[in-house]
Protein chains: 2
Amino acid sequence: MTTTRRASKPRPETLARRREILRAALEIFGSKGYNNGPLVEIAEQVDMTHAGILHHFGSKDRLLVEVLRYRDETDVEGIEGQHIPDGTELFRHLVRTAFANEERPGIVQAYAVLSAESVTDGNPGREYFEQRYTQLRTEVAQAFRVMCEERGIDAPATIDRASASVLAVMDGLQVQWLLDRANVELAETSAFAIEAIVTAVLDPRPSPLAPDAP
Amino acid sequence: MTTTRRASKPRPETLARRREILRAALEIFGSKGYNNGPLVEIAEQVDMTHAGILHHFGSKDRLLVEVLRYRDETDVEGIEGQHIPDGTELFRHLVRTAFANEERPGIVQAYAVLSAESVTDGNPGREYFEQRYTQLRTEVAQAFRVMCEERGIDAPATIDRASASVLAVMDGLQVQWLLDRANVELAETSAFAIEAIVTAVLDPRPSPLAPDAP
DNA sequence: GGTAACTTACTGTGCTGTCAGTAACTAAAT
DNA sequence: ATTTAGTTACTGACAGCACAGTAAGTTACC
(Lines give C-alpha, C1' and ligand atoms only; values in the text may rest on other atoms or scores of the structure.)
Protein backbone atom coordinates (compact mmCIF):
# COMPACT_ATOMS: atom_id res chain seq x y z
CA MET A 1 0.00 0.00 0.00
CA THR A 2 1.07 3.55 -0.53
CA THR A 3 2.27 5.63 2.34
CA THR A 4 0.68 9.06 2.09
CA ARG A 5 3.18 11.63 0.99
CA ARG A 6 3.05 14.77 3.02
CA ALA A 7 4.81 17.93 2.11
CA SER A 8 7.40 18.72 4.68
CA LYS A 9 7.64 22.10 6.33
CA PRO A 10 9.43 24.97 4.74
CA ARG A 11 12.55 25.76 6.65
CA PRO A 12 12.35 28.35 9.40
CA GLU A 13 14.56 30.99 7.78
CA THR A 14 12.74 30.72 4.47
CA LEU A 15 10.02 33.14 5.38
CA ALA A 16 12.54 35.84 6.15
CA ARG A 17 14.27 35.18 2.86
CA ARG A 18 11.01 35.59 0.96
CA ARG A 19 10.41 38.86 2.70
CA GLU A 20 13.84 40.03 1.66
CA ILE A 21 12.96 39.23 -1.92
CA LEU A 22 9.62 41.01 -1.70
CA ARG A 23 11.28 44.11 -0.35
CA ALA A 24 13.92 44.08 -3.05
CA ALA A 25 11.29 43.53 -5.72
CA LEU A 26 9.28 46.50 -4.52
CA GLU A 27 12.38 48.62 -4.73
CA ILE A 28 13.27 47.53 -8.24
CA PHE A 29 9.72 47.61 -9.58
CA GLY A 30 9.32 50.96 -7.93
CA SER A 31 12.34 52.56 -9.49
CA LYS A 32 12.18 50.94 -12.91
CA GLY A 33 8.61 49.79 -13.32
CA TYR A 34 7.35 46.26 -13.58
CA ASN A 35 8.03 45.65 -17.26
CA ASN A 36 11.36 47.36 -17.10
CA GLY A 37 12.53 45.83 -13.85
CA PRO A 38 14.34 42.55 -14.48
CA LEU A 39 14.43 39.66 -12.07
CA VAL A 40 18.20 39.57 -12.20
CA GLU A 41 18.44 42.90 -10.47
CA ILE A 42 16.11 41.85 -7.72
CA ALA A 43 18.12 38.68 -7.42
CA GLU A 44 21.49 40.29 -7.03
CA GLN A 45 20.12 42.55 -4.34
CA VAL A 46 19.40 39.51 -2.20
CA ASP A 47 22.48 37.56 -3.34
CA MET A 48 20.79 34.95 -5.43
CA THR A 49 20.31 34.03 -9.01
CA HIS A 50 17.08 34.89 -10.73
CA ALA A 51 16.28 31.20 -10.87
CA GLY A 52 16.22 31.19 -7.11
CA ILE A 53 13.53 33.84 -7.13
CA LEU A 54 11.49 31.90 -9.60
CA HIS A 55 11.81 28.91 -7.32
CA HIS A 56 10.10 30.86 -4.57
CA PHE A 57 7.46 32.66 -6.58
CA GLY A 58 6.95 30.64 -9.72
CA SER A 59 6.77 33.55 -12.12
CA LYS A 60 7.38 37.25 -12.33
CA ASP A 61 3.66 37.89 -12.49
CA ARG A 62 3.02 36.10 -9.26
CA LEU A 63 5.92 37.91 -7.66
CA LEU A 64 4.29 41.24 -8.43
CA VAL A 65 1.00 40.17 -6.94
CA GLU A 66 2.72 38.99 -3.80
CA VAL A 67 4.73 42.18 -3.53
CA LEU A 68 1.54 44.18 -3.61
CA ARG A 69 -0.20 42.03 -1.08
CA TYR A 70 2.80 42.01 1.20
CA ARG A 71 2.98 45.77 1.33
CA ASP A 72 -0.67 45.88 2.13
CA GLU A 73 -0.20 43.71 5.17
CA THR A 74 2.82 45.54 6.46
CA ASP A 75 2.00 49.07 5.55
CA VAL A 76 0.26 52.02 7.04
CA GLU A 77 -2.10 53.14 4.33
CA GLY A 78 -5.59 51.73 4.12
CA ILE A 79 -6.19 49.28 6.91
CA GLU A 80 -3.64 50.27 9.49
CA GLY A 81 -2.74 47.65 12.01
CA GLN A 82 -6.11 46.32 13.00
CA HIS A 83 -8.64 49.11 13.36
CA ILE A 84 -9.92 51.33 10.58
CA PRO A 85 -10.05 54.84 11.94
CA ASP A 86 -13.49 56.33 11.60
CA GLY A 87 -14.81 59.74 10.78
CA THR A 88 -12.50 62.70 11.16
CA GLU A 89 -9.75 60.41 12.34
CA LEU A 90 -9.50 58.74 8.94
CA PHE A 91 -8.86 62.01 7.18
CA ARG A 92 -6.30 62.97 9.75
CA HIS A 93 -4.74 59.61 9.17
CA LEU A 94 -4.58 60.23 5.44
CA VAL A 95 -2.86 63.53 6.01
CA ARG A 96 -0.40 61.91 8.37
CA THR A 97 0.28 59.30 5.72
CA ALA A 98 1.05 62.06 3.23
CA PHE A 99 3.57 63.51 5.68
CA ALA A 100 5.10 60.12 6.25
CA ASN A 101 5.32 59.56 2.52
CA GLU A 102 7.56 62.56 2.11
CA GLU A 103 10.23 60.52 3.85
CA ARG A 104 9.91 57.51 1.58
CA PRO A 105 9.90 58.45 -2.06
CA GLY A 106 10.77 54.90 -3.03
CA ILE A 107 7.50 53.46 -1.86
CA VAL A 108 5.53 56.38 -3.19
CA GLN A 109 7.07 55.83 -6.57
CA ALA A 110 6.37 52.14 -6.46
CA TYR A 111 2.69 52.73 -5.95
CA ALA A 112 2.48 55.55 -8.44
CA VAL A 113 4.21 53.60 -11.17
CA LEU A 114 2.62 50.25 -10.50
CA SER A 115 -0.92 51.54 -10.18
CA ALA A 116 -0.73 53.38 -13.48
CA GLU A 117 1.00 50.48 -15.15
CA SER A 118 -1.75 48.20 -13.91
CA VAL A 119 -4.28 49.66 -16.33
CA THR A 120 -2.30 48.39 -19.32
CA ASP A 121 -3.22 45.26 -21.26
CA GLY A 122 -2.80 42.07 -19.33
CA ASN A 123 -0.99 43.57 -16.37
CA PRO A 124 -1.00 41.13 -13.45
CA GLY A 125 -1.50 43.86 -10.87
CA ARG A 126 -4.75 45.16 -12.29
CA GLU A 127 -7.12 43.16 -10.11
CA TYR A 128 -5.24 44.14 -7.02
CA PHE A 129 -5.51 47.84 -7.69
CA GLU A 130 -9.12 47.57 -8.75
CA GLN A 131 -10.01 46.01 -5.43
CA ARG A 132 -7.77 48.32 -3.49
CA TYR A 133 -9.40 51.45 -4.80
CA THR A 134 -12.86 50.04 -4.35
CA GLN A 135 -12.08 49.26 -0.75
CA LEU A 136 -10.42 52.57 -0.02
CA ARG A 137 -13.34 54.48 -1.53
CA THR A 138 -15.71 52.56 0.66
CA GLU A 139 -13.69 53.33 3.76
CA VAL A 140 -13.51 57.02 2.97
CA ALA A 141 -17.22 57.15 2.20
CA GLN A 142 -17.90 55.52 5.53
CA ALA A 143 -15.82 58.15 7.29
CA PHE A 144 -17.84 60.85 5.57
CA ARG A 145 -21.05 59.29 6.76
CA VAL A 146 -19.82 59.13 10.32
CA MET A 147 -18.84 62.79 10.20
CA CYS A 148 -22.22 63.75 8.86
CA GLU A 149 -23.96 61.87 11.59
CA GLU A 150 -21.80 63.48 14.24
CA ARG A 151 -22.90 66.84 12.92
CA GLY A 152 -26.50 65.84 12.61
CA ILE A 153 -26.70 66.48 8.89
CA ASP A 154 -28.03 64.15 6.22
CA ALA A 155 -25.33 62.40 4.23
CA PRO A 156 -25.27 64.25 0.92
CA ALA A 157 -25.12 62.59 -2.50
CA THR A 158 -21.67 64.05 -3.04
CA ILE A 159 -20.06 61.56 -0.71
CA ASP A 160 -19.11 59.02 -3.36
CA ARG A 161 -17.57 61.64 -5.58
CA ALA A 162 -15.74 63.17 -2.68
CA SER A 163 -14.34 59.80 -1.68
CA ALA A 164 -12.89 59.16 -5.10
CA SER A 165 -11.58 62.71 -5.17
CA VAL A 166 -9.72 62.42 -1.91
CA LEU A 167 -7.83 59.38 -3.10
CA ALA A 168 -7.31 60.96 -6.50
CA VAL A 169 -5.61 64.11 -5.22
CA MET A 170 -3.28 62.12 -3.07
CA ASP A 171 -2.23 59.94 -5.98
CA GLY A 172 -2.03 62.76 -8.48
CA LEU A 173 0.08 64.85 -6.17
CA GLN A 174 2.48 61.99 -5.72
CA VAL A 175 3.23 61.93 -9.41
CA GLN A 176 3.80 65.68 -9.54
CA TRP A 177 5.95 65.49 -6.45
CA LEU A 178 8.06 62.69 -7.86
CA LEU A 179 8.61 64.67 -11.03
CA ASP A 180 9.53 67.89 -9.30
CA ARG A 181 10.16 67.63 -5.60
CA ALA A 182 11.61 71.12 -5.41
CA ASN A 183 8.34 72.74 -6.44
CA VAL A 184 5.63 70.49 -5.09
CA GLU A 185 4.94 70.06 -1.39
CA LEU A 186 3.37 66.67 -1.11
CA ALA A 187 2.02 66.71 2.39
CA GLU A 188 0.94 70.32 2.79
CA THR A 189 -0.84 70.23 -0.52
CA SER A 190 -2.58 66.96 0.26
CA ALA A 191 -3.81 68.44 3.51
CA PHE A 192 -5.12 71.51 1.76
CA ALA A 193 -6.99 69.54 -0.88
CA ILE A 194 -8.46 67.05 1.55
CA GLU A 195 -9.74 69.84 3.74
CA ALA A 196 -11.27 71.53 0.72
CA ILE A 197 -13.11 68.39 -0.29
CA VAL A 198 -14.26 67.54 3.21
CA THR A 199 -15.56 71.07 3.59
CA ALA A 200 -17.44 70.79 0.32
CA VAL A 201 -19.22 67.73 1.62
CA LEU A 202 -20.06 68.98 5.10
CA ASP A 203 -20.78 72.56 4.20
CA PRO A 204 -21.65 72.83 0.52
CA ARG A 205 -21.68 76.21 -1.20
CA PRO A 206 -22.88 77.36 -4.61
CA SER A 207 -20.56 76.55 -7.49
CA PRO A 208 -18.07 79.31 -8.32
CA LEU A 209 -18.16 78.09 -11.92
CA ALA A 210 -21.89 78.48 -12.47
CA PRO A 211 -22.65 80.11 -15.84
CA ASP A 212 -23.81 83.40 -14.32
CA ALA A 213 -20.72 84.11 -12.25
CA PRO A 214 -18.24 86.58 -13.78
CA MET B 1 33.16 77.82 -40.78
CA THR B 2 30.79 74.93 -40.44
CA THR B 3 28.07 74.47 -42.99
CA THR B 4 25.01 73.52 -41.04
CA ARG B 5 23.99 70.05 -42.11
CA ARG B 6 20.79 70.61 -43.98
CA ALA B 7 18.62 67.59 -44.69
CA SER B 8 17.07 67.64 -48.10
CA LYS B 9 13.35 68.03 -48.59
CA PRO B 10 10.96 65.38 -47.45
CA ARG B 11 8.29 64.36 -49.91
CA PRO B 12 4.87 65.97 -49.62
CA GLU B 13 2.92 63.01 -48.26
CA THR B 14 5.62 62.13 -45.77
CA LEU B 15 4.29 64.46 -43.12
CA ALA B 16 0.96 62.72 -43.17
CA ARG B 17 2.67 59.37 -42.87
CA ARG B 18 4.62 60.55 -39.84
CA ARG B 19 1.41 61.71 -38.24
CA GLU B 20 -0.11 58.30 -38.83
CA ILE B 21 2.83 56.75 -37.05
CA LEU B 22 2.57 59.17 -34.15
CA ARG B 23 -1.09 58.39 -33.73
CA ALA B 24 -0.48 54.67 -33.84
CA ALA B 25 2.37 55.01 -31.38
CA LEU B 26 0.20 56.90 -28.94
CA GLU B 27 -2.36 54.15 -29.16
CA ILE B 28 0.11 51.36 -28.57
CA PHE B 29 2.07 53.15 -25.85
CA GLY B 30 -1.23 54.07 -24.30
CA SER B 31 -2.60 50.58 -24.15
CA LYS B 32 0.59 48.70 -23.33
CA GLY B 33 2.94 51.29 -21.89
CA TYR B 34 6.18 52.54 -23.34
CA ASN B 35 8.45 49.72 -22.20
CA ASN B 36 5.92 47.08 -23.04
CA GLY B 37 4.82 48.55 -26.37
CA PRO B 38 6.96 47.19 -29.18
CA LEU B 39 7.72 49.06 -32.36
CA VAL B 40 6.53 46.13 -34.45
CA GLU B 41 2.99 46.63 -33.30
CA ILE B 42 3.04 50.30 -34.10
CA ALA B 43 4.49 49.40 -37.46
CA GLU B 44 1.87 46.89 -38.45
CA GLN B 45 -0.85 49.35 -37.60
CA VAL B 46 0.45 51.67 -40.29
CA ASP B 47 1.43 48.86 -42.66
CA MET B 48 5.15 49.10 -42.37
CA THR B 49 8.03 47.26 -40.85
CA HIS B 50 9.52 48.49 -37.63
CA ALA B 51 12.63 49.48 -39.54
CA GLY B 52 10.51 51.95 -41.47
CA ILE B 53 9.54 53.66 -38.25
CA LEU B 54 13.14 53.84 -37.14
CA HIS B 55 13.93 55.42 -40.48
CA HIS B 56 11.55 58.25 -39.61
CA PHE B 57 12.29 58.71 -35.95
CA GLY B 58 15.75 57.33 -35.40
CA SER B 59 15.02 55.54 -32.13
CA LYS B 60 12.19 54.47 -29.91
CA ASP B 61 13.13 57.08 -27.34
CA ARG B 62 12.85 59.88 -29.83
CA LEU B 63 9.57 58.51 -31.07
CA LEU B 64 8.10 58.80 -27.59
CA VAL B 65 9.23 62.36 -27.22
CA GLU B 66 7.71 63.27 -30.56
CA VAL B 67 4.47 61.52 -29.74
CA LEU B 68 4.16 63.57 -26.60
CA ARG B 69 4.93 66.82 -28.33
CA TYR B 70 2.61 66.03 -31.20
CA ARG B 71 -0.36 65.48 -28.91
CA ASP B 72 0.39 68.73 -27.23
CA GLU B 73 0.14 70.63 -30.47
CA THR B 74 -3.01 68.93 -31.65
CA ASP B 75 -4.85 68.49 -28.44
CA VAL B 76 -7.30 70.34 -26.35
CA GLU B 77 -5.83 70.24 -22.89
CA GLY B 78 -3.47 72.96 -21.74
CA ILE B 79 -3.01 75.52 -24.43
CA GLU B 80 -6.09 75.12 -26.54
CA GLY B 81 -5.83 76.38 -30.08
CA GLN B 82 -4.26 79.75 -29.57
CA HIS B 83 -5.61 81.51 -26.49
CA ILE B 84 -5.26 80.38 -22.93
CA PRO B 85 -8.61 80.90 -21.29
CA ASP B 86 -8.36 83.08 -18.21
CA GLY B 87 -9.99 83.07 -14.84
CA THR B 88 -13.22 81.18 -14.43
CA GLU B 89 -13.13 80.18 -18.05
CA LEU B 90 -10.05 78.04 -17.52
CA PHE B 91 -11.74 75.97 -14.84
CA ARG B 92 -14.81 75.60 -17.00
CA HIS B 93 -12.50 74.49 -19.73
CA LEU B 94 -10.91 71.89 -17.49
CA VAL B 95 -14.31 70.51 -16.62
CA ARG B 96 -15.26 70.39 -20.29
CA THR B 97 -12.06 68.53 -20.97
CA ALA B 98 -13.00 65.99 -18.33
CA PHE B 99 -16.33 65.48 -20.06
CA ALA B 100 -14.64 65.16 -23.43
CA ASN B 101 -12.20 62.66 -21.97
CA GLU B 102 -15.01 60.31 -21.08
CA GLU B 103 -15.37 59.69 -24.80
CA ARG B 104 -11.74 58.87 -25.39
CA PRO B 105 -10.40 56.41 -22.89
CA GLY B 106 -7.48 55.61 -25.17
CA ILE B 107 -5.93 59.01 -24.87
CA VAL B 108 -6.70 59.24 -21.19
CA GLN B 109 -4.92 55.97 -20.65
CA ALA B 110 -1.95 57.07 -22.70
CA TYR B 111 -1.40 60.09 -20.51
CA ALA B 112 -2.06 58.25 -17.29
CA VAL B 113 0.33 55.45 -18.13
CA LEU B 114 3.04 57.52 -19.73
CA SER B 115 3.13 60.22 -17.09
CA ALA B 116 3.53 57.68 -14.32
CA GLU B 117 6.06 55.69 -16.30
CA SER B 118 8.03 58.86 -16.85
CA VAL B 119 9.17 59.00 -13.24
CA THR B 120 11.11 55.75 -13.63
CA ASP B 121 14.87 55.59 -14.13
CA GLY B 122 16.05 56.93 -17.44
CA ASN B 123 12.64 57.33 -19.02
CA PRO B 124 12.84 59.55 -22.10
CA GLY B 125 9.50 61.24 -21.40
CA ARG B 126 10.44 62.59 -18.01
CA GLU B 127 11.55 66.02 -19.09
CA TYR B 128 8.41 66.50 -21.09
CA PHE B 129 6.11 65.76 -18.19
CA GLU B 130 8.16 67.81 -15.80
CA GLN B 131 7.78 70.84 -18.00
CA ARG B 132 4.19 70.11 -18.79
CA TYR B 133 3.12 70.06 -15.17
CA THR B 134 5.13 73.13 -14.37
CA GLN B 135 3.42 74.99 -17.17
CA LEU B 136 -0.05 73.76 -16.34
CA ARG B 137 0.38 74.71 -12.69
CA THR B 138 1.41 78.18 -13.74
CA GLU B 139 -1.62 78.55 -15.97
CA VAL B 140 -4.00 77.39 -13.28
CA ALA B 141 -2.38 79.66 -10.71
CA GLN B 142 -2.79 82.55 -13.11
CA ALA B 143 -6.48 81.77 -13.49
CA PHE B 144 -6.84 81.81 -9.72
CA ARG B 145 -5.21 85.21 -9.54
CA VAL B 146 -7.52 86.60 -12.17
CA MET B 147 -10.55 85.30 -10.31
CA CYS B 148 -9.34 86.83 -7.08
CA GLU B 149 -8.85 90.15 -8.74
CA GLU B 150 -12.31 90.02 -10.27
CA ARG B 151 -13.71 89.54 -6.82
CA GLY B 152 -11.53 92.19 -5.27
CA ILE B 153 -9.84 89.84 -2.82
CA ASP B 154 -6.16 89.42 -2.19
CA ALA B 155 -4.67 86.37 -3.83
CA PRO B 156 -4.20 83.91 -0.94
CA ALA B 157 -1.10 81.84 -0.34
CA THR B 158 -3.09 78.70 -1.05
CA ILE B 159 -3.07 79.33 -4.78
CA ASP B 160 -0.01 77.25 -5.57
CA ARG B 161 -1.28 74.32 -3.60
CA ALA B 162 -4.68 74.59 -5.13
CA SER B 163 -3.20 74.64 -8.62
CA ALA B 164 -1.30 71.45 -8.07
CA SER B 165 -4.39 69.94 -6.47
CA VAL B 166 -6.64 70.68 -9.39
CA LEU B 167 -4.34 68.90 -11.80
CA ALA B 168 -3.81 66.11 -9.32
CA VAL B 169 -7.48 65.23 -8.90
CA MET B 170 -8.00 65.14 -12.60
CA ASP B 171 -5.09 62.77 -13.09
CA GLY B 172 -5.87 60.64 -10.10
CA LEU B 173 -9.48 60.26 -11.12
CA GLN B 174 -8.43 59.13 -14.55
CA VAL B 175 -6.56 56.19 -13.10
CA GLN B 176 -9.51 55.18 -10.93
CA TRP B 177 -11.85 55.59 -13.85
CA LEU B 178 -9.68 53.47 -16.11
CA LEU B 179 -9.59 50.73 -13.51
CA ASP B 180 -13.31 50.73 -12.85
CA ARG B 181 -15.42 52.67 -15.27
CA ALA B 182 -18.63 51.23 -13.93
CA ASN B 183 -18.14 52.81 -10.52
CA VAL B 184 -16.27 56.03 -11.14
CA GLU B 185 -17.77 58.99 -12.95
CA LEU B 186 -14.82 60.80 -14.41
CA ALA B 187 -16.36 64.09 -15.44
CA GLU B 188 -18.92 64.66 -12.70
CA THR B 189 -16.38 63.86 -10.06
CA SER B 190 -13.75 66.12 -11.59
CA ALA B 191 -16.27 68.93 -11.64
CA PHE B 192 -17.14 68.37 -8.00
CA ALA B 193 -13.52 68.34 -6.88
CA ILE B 194 -12.52 71.35 -8.91
CA GLU B 195 -15.40 73.34 -7.51
CA ALA B 196 -14.44 72.31 -4.01
CA ILE B 197 -10.87 73.46 -4.49
CA VAL B 198 -11.79 76.71 -6.19
CA THR B 199 -14.21 77.46 -3.39
CA ALA B 200 -11.53 76.78 -0.81
CA VAL B 201 -9.32 79.36 -2.45
CA LEU B 202 -11.92 82.09 -2.96
CA ASP B 203 -13.84 81.59 0.22
CA PRO B 204 -11.72 79.77 2.78
CA ARG B 205 -13.26 78.29 5.92
CA PRO B 206 -11.75 76.81 9.06
CA SER B 207 -10.35 73.30 8.69
CA PRO B 208 -12.83 70.54 9.51
CA LEU B 209 -9.87 68.44 10.64
CA ALA B 210 -8.57 70.82 13.28
CA PRO B 211 -7.63 68.98 16.50
CA ASP B 212 -10.54 70.38 18.50
CA ALA B 213 -13.32 69.27 16.15
CA PRO B 214 -15.21 66.09 17.16
C1' DG C 1 21.14 60.48 -60.61
C1' DG C 2 20.51 61.45 -56.24
C1' DT C 3 18.02 61.05 -52.33
C1' DA C 4 13.78 59.92 -49.60
C1' DA C 5 11.15 56.14 -48.24
C1' DC C 6 11.09 52.24 -47.48
C1' DT C 7 12.09 46.43 -47.06
C1' DT C 8 14.71 42.35 -46.06
C1' DA C 9 17.84 40.29 -43.54
C1' DC C 10 20.59 40.14 -39.85
C1' DT C 11 22.98 41.22 -35.19
C1' DG C 12 23.11 41.46 -30.53
C1' DT C 13 21.19 41.80 -26.34
C1' DG C 14 18.04 41.17 -22.56
C1' DC C 15 14.87 38.65 -20.38
C1' DT C 16 11.73 34.96 -18.54
C1' DG C 17 11.30 30.48 -17.70
C1' DT C 18 13.05 25.41 -17.64
C1' DC C 19 15.90 21.74 -16.31
C1' DA C 20 19.14 18.86 -14.13
C1' DG C 21 21.92 18.62 -10.46
C1' DT C 22 23.55 19.39 -5.49
C1' DA C 23 23.95 20.31 -0.65
C1' DA C 24 21.42 20.75 3.35
C1' DC C 25 17.77 19.72 5.89
C1' DT C 26 13.46 16.87 7.76
C1' DA C 27 10.75 12.74 8.82
C1' DA C 28 10.10 8.45 9.43
C1' DA C 29 11.82 3.42 9.84
C1' DT C 30 15.10 0.48 11.73
C1' DA D 1 21.07 6.84 16.58
C1' DT D 2 21.70 5.87 12.27
C1' DT D 3 20.12 4.94 8.01
C1' DT D 4 16.84 5.86 4.30
C1' DA D 5 13.63 8.49 1.59
C1' DG D 6 12.02 12.53 0.32
C1' DT D 7 11.97 17.58 0.12
C1' DT D 8 13.53 22.28 0.13
C1' DA D 9 16.46 25.81 -1.45
C1' DC D 10 19.04 26.81 -4.25
C1' DT D 11 22.96 27.20 -8.71
C1' DG D 12 24.50 27.09 -13.46
C1' DA D 13 23.59 26.39 -17.99
C1' DC D 14 20.79 27.07 -21.48
C1' DA D 15 16.54 27.34 -24.51
C1' DG D 16 14.14 30.53 -26.83
C1' DC D 17 11.76 34.38 -27.77
C1' DA D 18 11.14 39.47 -28.12
C1' DC D 19 13.01 43.52 -29.20
C1' DA D 20 15.84 47.70 -30.78
C1' DG D 21 18.88 48.89 -33.86
C1' DT D 22 21.82 48.45 -38.35
C1' DA D 23 23.34 47.67 -42.95
C1' DA D 24 22.54 46.85 -47.57
C1' DG D 25 19.59 46.69 -51.10
C1' DT D 26 15.13 48.25 -53.88
C1' DT D 27 11.81 51.40 -55.71
C1' DA D 28 10.12 55.70 -57.03
C1' DC D 29 9.96 60.40 -56.93
C1' DC D 30 12.16 65.10 -58.15
Side-chain angles (χ1 to χ4, degrees), chain A residues 1-25 28-29 31-67 117 120-125, chain B residues 3-22 24-25 27-29 31-67 117 120-125:
Chain A
M1 74 155 7
T2 41
T3 39
T4 345
R5 312 240 149 282
R6 77 256 121 221
S8 49
K9 293 179 197 167
R11 302 187 197 151
E13 55 194 69
T14 293
L15 216 107
R17 205 91 176 82
R18 284 175 58 106
R19 273 199 298 262
E20 268 185 79
I21 297 172
L22 291 171
R23 261 193 293 271
I28 298 297
F29 290 158
S31 61
K32 330 233 312 184
Y34 172 72
N35 288 305
N36 204 30
L39 290 179
V40 216
E41 262 177 72
I42 298 167
E44 70 193 20
Q45 233 179 79
V46 295
D47 267 307
M48 249 201 236
T49 61
H50 83 279
I53 290 183
L54 288 170
H55 163 72
H56 281 293
F57 297 96
S59 75
K60 199 188 176 188
D61 280 22
R62 253 180 285 163
L63 173 61
L64 176 63
V65 174
E66 295 225 37
V67 166
E117 214 172 354
T120 58
D121 288 1
N123 185 287
Chain B
T3 38
T4 344
R5 298 235 299 107
R6 200 46 274 148
S8 31
K9 295 172 197 172
R11 297 190 198 147
E13 59 188 56
T14 295
L15 218 106
R17 204 91 176 82
R18 283 175 58 104
R19 274 199 297 262
E20 270 185 78
I21 297 171
L22 291 171
E27 199 185 312
I28 298 297
F29 289 159
S31 61
K32 329 232 313 182
Y34 172 73
N35 288 306
N36 204 29
L39 290 180
V40 217
E41 261 177 74
I42 298 167
E44 71 194 20
Q45 234 179 77
V46 294
D47 267 309
M48 249 200 236
T49 60
H50 84 280
I53 290 183
L54 287 170
H55 164 71
H56 282 292
F57 296 96
S59 77
K60 197 189 178 189
D61 280 21
R62 254 180 283 162
L63 174 61
L64 176 64
V65 174
E66 294 224 37
V67 165
E117 215 172 353
T120 58
D121 288 1
N123 185 286

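Given the structure is predicted, the values throughout are model-derived calculations rather than measurements. Here is how names work: the chains are called A, B, and so on, in the same order as the sequence lines, proteins then strands, and each is numbered from 1.
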Does [Y] offer a backbone N or O that forms a donor-acceptor pair with the side chain of [X] under 3.5 Å?
X: B/K32; Y: A/G122; result: no
X: B/S59; Y: B/R62; result: yes
X: B/E117; Y: B/N35; result: yes

Q.
Using the side-chain contact (heavy atoms from CB on, under 4.5 Å) definition, which of the options B/V65, B/L63, B/L64, B/V67 pairs with B/F57?
A.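 Result for side-chain contact (heavy atoms from CB on, under 4.5 Å) with B/F57: B/L63.
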
Q. OP1, OP2 of D/dG12 versus side-chain N and O of A/T49: anything below 4.0 Å?
A.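 A/T49 to D/dG12 OP1/OP2: no side-chain N or O under 4.0 Å.
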
Q) Reckon A/R17 has a side-chain N or O less than 4.0 Å from the OP1 or OP2 of D/dC10? A)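 So the side chain of A/R17 is within the cut-off, an N or O lying under 4.0 Å from OP1 or OP2 of D/dC10.
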
From [options], nucleotide with atom closest to [X] side chain:
X: A/H50; options: D/dG21, D/dC14, C/dC15; value: D/dC14
X: A/T14; options: D/dT8, C/dA5, D/dT22; value: D/dT8
X: A/H55; options: C/dG17, D/dG12, D/dC10; value: D/dC10
X: B/L54; options: D/dT22, C/dC19, D/dC19; value: D/dT22
X: B/M48; options: C/dC6, D/dG12, C/dA9; value: C/dC6

Give the rounded distance in Å between these two atoms: [atom1] of [X] and [atom2] of [N].
X: B/N36; N: D/dA20; atom1: CG; atom2: C1'; result: 14 Å
X: B/N35; N: C/dG14; atom1: CG; atom2: P; result: 15 Å
X: A/K32; N: C/dT16; atom1: NZ; atom2: P; result: 11 Å
X: B/K60; N: D/dC19; atom1: NZ; atom2: C1'; result: 8 Å
X: B/E44; N: D/dC19; atom1: CD; atom2: P; result: 10 Å
X: B/E13; N: C/dT3; atom1: CD; atom2: P; result: 20 Å
X: A/I42; N: C/dC15; atom1: CD1; atom2: P; result: 11 Å
X: B/F57; N: D/dT22; atom1: CZ; atom2: C1'; result: 19 Å

Q | Non-hydrogen atoms of A/I21 and A/M48 that approach each other most closely | A |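 Here A/I21 and A/M48 meet closest at CD1-CE, 3.4 Å.
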
Q) Within the structure shown, what part of the strands sits under 4.0 Å from B/H56 by heavy-atom distance: base, sugar-phosphate, or nothing? A)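 Sugar-phosphate contact only.
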
(Q) Under 4.0 Å, counting only non-hydrogen atoms across every strand here, what does B/L39 touch: a base, just sugar-phosphate, or nothing? (A)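 If one applies the 4.0 Å heavy-atom cut-off, B/L39 turns out to touch the sugar-phosphate alone, with no base involved.
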
